[in-house]
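A short worksheet on the structure shown next.
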Amino acid sequence: MFYIYTAVLLLIVVLGILYRVKDLKVIRVFGFEIIRFLLCFLIVLVIIGEIILPMPDYYVKGKEINLNEVLEEETLRAGVQFDDGSFKVLESHGMHFNHLFLSSYEIDGEEEVRFYHYEKNLFGNMKLKYPLSEINLITDNSNQDDYYSAYVGDGIFTGYLVTVGLGEESSEPRNYGLGKYRITRTPKEGYFMWVEMTREPWKIDIEEFILFGLAILISATLGKKREPVKFHKKWRKRDKIFTYEKNQNSKLW
């Protein structure tokens, strides 16, 4: 869908340049002013592509009040059979478009701890981002590193560095971070989940500058003393599909 959005934006830019170069007052398709029509089409396309079509994938509904049961069912669905009554949530962190959990359970009396990363949509419905696998398992095992770190982007709002692991009584300070962003912390004894904000993409993201550039370009293109034009002009079957008007004279294609 991203490529479709980009194609529509590029078409709008090209048409804006054409308006300026040819000194056009308006280009219409089926009676609609084409640039505003494309902008409306782009909005509808984003709503369909980003909200309506993905909705069935978000199978955990926002009205679910017992997330403990949701995580239990998710774990059982992944083929993990744990002791009855042993499942519990150790840590939880909610974001705009993500929800993170650290949960534990016992298998034949032996404790296991897993990290769960859910994505959320605008309605608060959730889906597991990655299938449960060994990378989600944080457990006390001398043969493995008991830490798991990942960057979690939360839309255009913020980006977080997430670290989950096991702290022991003899734990030493641990250095971790993302790029030039570095943190030194000492884990408390027991399983933990650290969530640190590391980025604010809305301030520095290249896509933002591109969109602002497009907006400025289109405004500059269309703002050259153009007379206001109606969004829609009555179109009849005998009329041509595409029509255009120059600022001084009107012509048809």
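Not measured: the values here are computed from a predicted model.
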State whether the number of non-hydrogen atoms from other residues, nucleotides or ligands found under 6.0 Å of [X] atom [atom1] is greater than 12.
X	atom1	answer
Y130	OH	no
K127	NZ	yes
K129	NZ	yes

| task | Anything under 30° is parallel, anything over 60° is perpendicular, the rest tilted; go ahead and classify F87 against Y105. | result |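 The arrangement is parallel - the two ring planes meet at less than 30°.
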| request: Look at the aromatic rings of Y118 and F101 and report parallel, tilted or perpendicular, splitting at 30° and 60°. | output: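 The arrangement is perpendicular - the two ring planes meet at more than 60°.
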| message | Less than 3.5 Å apart, any donor N or O on the side chain of E196 or Y160 sitting next to an acceptor on the other? | response |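 Note: E196 and Y160 side chains miss the donor-acceptor criterion.
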| Residues Y59 and E74: side-chain donor-acceptor under 3.5 angstrom | yes
| query | Who pairs with S92 by side chain to side chain donor-acceptor pair (under 3.5 Å), at least two apart in sequence or on another chain? | reply |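 With sequence neighbours excluded, S92 shows a side chain to side chain donor-acceptor pair (under 3.5 Å) to H99, given in chain and number order.
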| field | Residues that S104 engages under side chain to side chain donor-acceptor pair (under 3.5 Å), provided they are two or more places apart | value |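 In terms of side chain to side chain donor-acceptor pair (under 3.5 Å), with neighbours along the sequence ignored, S104 is linked to no residue.
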Contact check, side chains of [X] and [Y], non-hydrogen atoms, under 4.5 Å:
X	Y	answer
M193	V162	yes
L76	F82	yes
I107	V80	yes

| field | Given L67, N136, L71, the one that forms side chain to side chain contact (heavy atoms under 4.5 Å, CB included) with Y116 | value | L71
| What's the shortest heavy-atom distance between H117 and L100, and which atoms? | CD2-CD2, 3.4 Å
| query | Which pair of non-hydrogen atoms, one from K120 and one from Y58, has the smallest distance, and what is that distance? | reply | C-CE2, 3.7 Å
| field | Side-chain donor or acceptor of D83 paired with backbone N/O of D108 under 3.5 Å | value | yes
| task | Go through the structure and list residues passing salt bridge (charged side-chain N to carboxylate O under 4.0 Å, His left out) with E91, not counting sequence neighbours. | result |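 Per chain and number, E91 pairs via salt bridge (charged side-chain N to carboxylate O under 4.0 Å, His left out) with no residue.
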